[in-house]
Amino acid sequence: MNPEFLLKESIAKGLEKEFSIIVAPESILLEPTRKDFEGSLTFVVFPYIKQAKLSPEQIGARIGEFCKTDIPNIIASVNVVKGFLNIVFKDSLWVDQLYTNFLREDFAQVTDGKGEKVMVEYSSPNTNKPLHLGHLRNNFLGYSISQILKANGFDVVKANLVNDRGIHICKSMLAYQKFGSGETPQSAGMKGDHLVGKYYVAFDKELKKEIESLVASGIAEEQAKKDAPILKEAQAMLLKWEQGDKEVYQLWETMNAWVYEGFNESYKNIGVSFDHFYYESNTYLLGKDIVEEGLQMGVFNKREDGSVWIDLTAEGLDQKLVLRSDGTSVYITQDLGTAELKFKDFGCKRSVYVVGNEQDYHFVVLAQILKKLNKPYADGLYHMSYGMVDLPSGKMKSREGTVVDADDLVSEMVETAKLRTLEQGKTDGFTGEQAQKLYHTIGLGALKYYLLKVDPKKRMMFNPEESIDFQGHTGPSIQYTYARISAILRKAAELGITSDLPKGETIETLNPFEISVLELLSRFPTKIREAGAEYSPSTIANYIFEVAKEFNRFYVEVSIFQETDEIKKSFRIAFCKAVAKTIKDGMLLLGIEVPEKM
RNA sequence: GACUCCGUAGCUCAGUUGGAUAGAGCAACUGCCUUCUAAGCAGUAGGUCAAGCGUUCGAAUCGCUUCGGGGUCACCA
């Protein structure tokens with residue numbers, strides 16, 4: 001039985017016996033004891049002073065005494081400071097916890113989700129240009145939250161809704177037609193997505209040129225922006241695409257195929273994956289039947305010009321268009337359609353959308369509409385809204401060429417990892433392939449950790465120099481801790497030291513370093529719950545860093561192989577195993593791998 | 001303008017269901033590699049938690065006001 005729960009039960013019993021205060025054990029709040037006081041868990045008594053009509057110190061003392069006699073096999077001592085009752089567990093309890101809990105294969109598996117299906121939609125790129133830094137945050141967050149939801153007992157379907165149609169794709173296509181002279185990714189020696197992106201930039205350049213010359217000929221800038229011939233051509237091309245024009249369609253398929261090949265390579269390289277792909281070219285016409293449905297229900301209303309609207313003023317929102325007067329879809333129409341499609345395909349009542357916070361309003365509206373339509377999946381919609389990634393030079397803008405390309409960034413990180421590793425001569429005994437894999441693990445680990453350690457909701461700063469730092473609060477430093485432990489475990493195996501204690505043996509006294517690490521390990525399931533409930537990979541990232549940091553303190557202070565007490569030695573091997581497992585499992589929740597050697 | 005998110009050390013961030021003396025990392029400075037990997041550890045210095053008022057046993061955390069920054073308010077996606 002979990003000692004934290006036993007303690008809560010005992011406190012609840014104590015409150016009742018001593019003060020006739022009835023509280024459910026689950027609702028009792030315990031927090032980790034502050035470092036400067038003795039103890040593992042702290043019960044704050046202030047909330048009960050009114051009912052108990054005694055001073056905080058007196059209440060704390062009486063509850064403490066009660067617990068001590070109630071569960072003497074768990075508690076070593078208690079102390080009361082002001083209104084804080086600090087509980088010191090017996091060292092042998094931690095030993096017991098280590099063997100029966102922390103080392104268990106499923107220690108990090110929470111079952112609260114009960115196998116319920118959840119769809120996590122993330123990545124969702126446009127096919128007119130390659131992935132950039134902002135996409136990386138999205139992809140890492142999406143993958144990580146999928147892992148975290150799985151760890152919470154949900155059955156997760158990872159989906160990618162590819163935006164493969166629209167005016168922006170036509171821009172790339174048109175520029176390719178004009179200036180491409182038939183080059184291909186092979187002939188250009190470029191990844192397909194980068195090649196297509198090149199023409200997207202080319203389009204923009206041409207467009208600017210045309211606008212300038214129009215302005216020079218005396219046309220107002222506003223008008224020139226609308227009248228530029230190349231823009232008109234792109235719009236015409238989109239129309240042709242929608243009419244199924246063979247030539248346009250073929251070009252579209254060819255160029256998209258290039259992009260997909262490029263994306264797949266990138267996805268593989270950054271270690272994210274999907275269970276299902278949706279393509280907007282298949283879904284952009286959906287949603288019209290839902291509009292019809294809404295009209296029938298009286299949720300939507302049709303105006304004279306034929307456009308369809310929903311009035312959300314009662315909800316504190318606005319009037320919102322859901323279908324244009326010409327009968328074509330807008331963004332939200334499509335999203336209504338795909339929400340329905342997702343539900344039909346997988347039956348997920350819960351659906352997580354990993355989408356930037358500039359779309360907060362859109363998702364509030366979407367959720368409201370689904371609710372009004374009485375959709376069974378309306379309440380399960382969650383917009384995992386994350387902040388922009390800023391550069392020291394300011395906001396990233398594709399058109400102004402201030403984006404950081406995802407592929408370039410990853411290779412730079414890997415290259416830096418290689419340099420650092422070679423500098424330190426740490427690849428002795430590695431084959432070339434193993435070394436390459438290590439550089440990738442470290443470089444990518446650094447990048448993922450850097451992007452995931454920050455609260456997703458917050459806008460964050462990407463400082464290129466800091467992100468390639470491998471020391472301190474970084475992924476590689478955690479990976480390094482894992483590699484160190486692995487070295488110990490290898491040596492223990494060589495020496496034939498087991499991690500099991502002889503039958504009937506236990507350890508009565510641990511050192512403070514061991515205890516504070518074990519305290520941390522005990523919080524892992526709670527942290528997983530927290531991360532799941534808050535949709536916050538950063539909770540896990542910061543927790544794992546704490547574990548690694550605390551273990552490192554133990555590592556420099558306490559020797560394992562020089563320990564003469566064989567029982568203690570075995571215990572410490574088990575201890576190392578549990579820490580390694582926690583770090584590994586935690587990092588995998590972030591999508592970060594850990595190396596056995598580095 | 002309306003709505004919304006944010007403001008914590010020089011920098012990047014934790015901490016926010018109200019709890020003890022607000023914590024890390026980087027950068028700066030001092031130490032520690034003949035003992036399990038120094039991508040580590042120990043230490044020094046660095047704070048009016050944007051400002052003010054309020055709520056109460058207690059506020060970085062809740063409320064109001066002000067200042068500063070971002071985002072959204074398209075028959076674009």
Side-chain angles (χ1 to χ4, degrees), chain A residues 29 31 33-37 42 44-47 49-50 55-56 81-84 86 126 163 165-168 280 284 303 305-309 316-318 320-335 356-362 364 385 387-388 390 392 395 417 420-421 423-424 426 442 446 450 453-455 457-463 465-467 469-481 483-492 495 538-539 541-543 545-546 548-549 551-563 572 576 597-598:
Chain A
L29 234 56
E31 41 194 88
T33 304
R34 280 187 69 106
K35 271 266 173 290
D36 355 311
F37 299 95
T42 296
V44 183
V45 306
F46 290 107
I49 49 182
K50 271 192 185 151
S55 74
V81 183
K82 295 191 220 167
F84 301 91
N86 300 320
N126 293 345
N163 185 357
R165 63 163 284 281
I167 189 74
H168 39 286
E280 218 184 278
Y284 82 108
R303 292 190 181 170
D305 62 2
S307 59
V308 180
W309 295 73
L317 303 172
D318 247 323
K320 181 85 188 170
L321 177 91
V322 294
L323 200 68
R324 290 194 190 103
S325 50
D326 64 6
T328 56
S329 305
V330 289
Y331 182 32
I332 201 131
T333 325
Q334 294 175 38
D335 260 7
N357 64 8
E358 71 272 17
Q359 294 197 30
D360 283 356
Y361 185 73
H362 171 77
V364 171
S385 161
M388 296 282 110
D390 280 321
K395 198 180 164 181
R420 292 292 158 79
T421 307
E423 253 167 42
Q424 303 186 31
K426 289 205 171 178
I442 297 173
Y450 185 85
K453 73 174 174 183
V454 180
D455 182 344
K457 292 195 277 297
K458 291 190 179 166
R459 167 179 276 268
M460 72 176 289
M461 176 67 74
F462 179 83
N463 186 330
E465 275 145 47
E466 205 180 294
S467 65
D469 210 330
F470 292 171
Q471 278 163 15
H473 190 183
T474 66
S477 142
I478 296 170
Q479 290 171 322
Y480 176 71
T481 306
R484 270 176 151 185
I485 301 174
S486 300
I488 293 173
L489 296 177
R490 277 194 301 273
K491 185 167 173 181
L495 297 174
S538 67
T539 300
N542 288 304
Y543 166 73
F545 175 65
E546 266 188 281
K549 187 163 175 53
F551 177 83
N552 282 328
R553 287 164 54 103
F554 160 86
Y555 181 91
V556 296
E557 293 294 334
V558 181
S559 171
I560 292 170
F561 295 108
Q562 284 180 23
E563 174 61 55
R572 283 186 190 148
C576 286
K597 271 191 204 174
M598 75 182 268

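Heavy atoms only: backbone and side chains are in, while hydrogens, waters and symmetry mates are out. A, B, ... follow the sequence lines: proteins, then strands. Residue 1 opens every chain.
- By the 4.5 Å heavy-atom criterion applied to side chains, A:Phe462 and A:Tyr450 are counted as neighbours.
- Distances were taken from every side-chain heavy atom of A:Glu280 (C-beta onward) to each of B:A24, B:A77, B:U37; the shortest belongs to B:A77.
- For A:Lys549, counting side-chain heavy atoms from C-beta on, the closest listed nucleotide (B:A42, B:C57, B:G71) is B:A42.
- Backbone-only contact: A:Tyr361 has heavy atoms under 4.0 Å from sugar-phosphate atoms and none from a base.
- Comparing B:G25 with B:G15, their C1' atoms are spaced 15 Å from each other, to the whole Å.
- In this structure, the nucleotide among B:C75, B:A20, B:U37 sitting nearest to the side chain of A:Phe37 is B:A20.
- For A:Ser559, taking side-chain heavy atoms from C-beta onward, the closest of the listed nucleotides B:G25, B:U37, B:C36 is B:C36.
- The nearest heavy atom of RNA chain B to A:Val558 and to A:Ile167 marks one nucleotide each, and the one closer to the 5' end goes with A:Val558.
- Taking only side-chain atoms of A:Ile488, from C-beta outward, the nucleotide of B:A39, B:G19, B:C36 with the closest atom is B:C36.
- Annotation: side chain of A:Met460 is not in contact with side chain of A:Asp390 (no heavy-atom distance under 4.5 Å).
- The side chain of A:Ser325 lies closest to B:C75 when the candidates are B:G25, B:A38, B:C75.
- The side chain of A:Phe46 has B:C57 as its nearest neighbour among B:A42, B:A20, B:C57.
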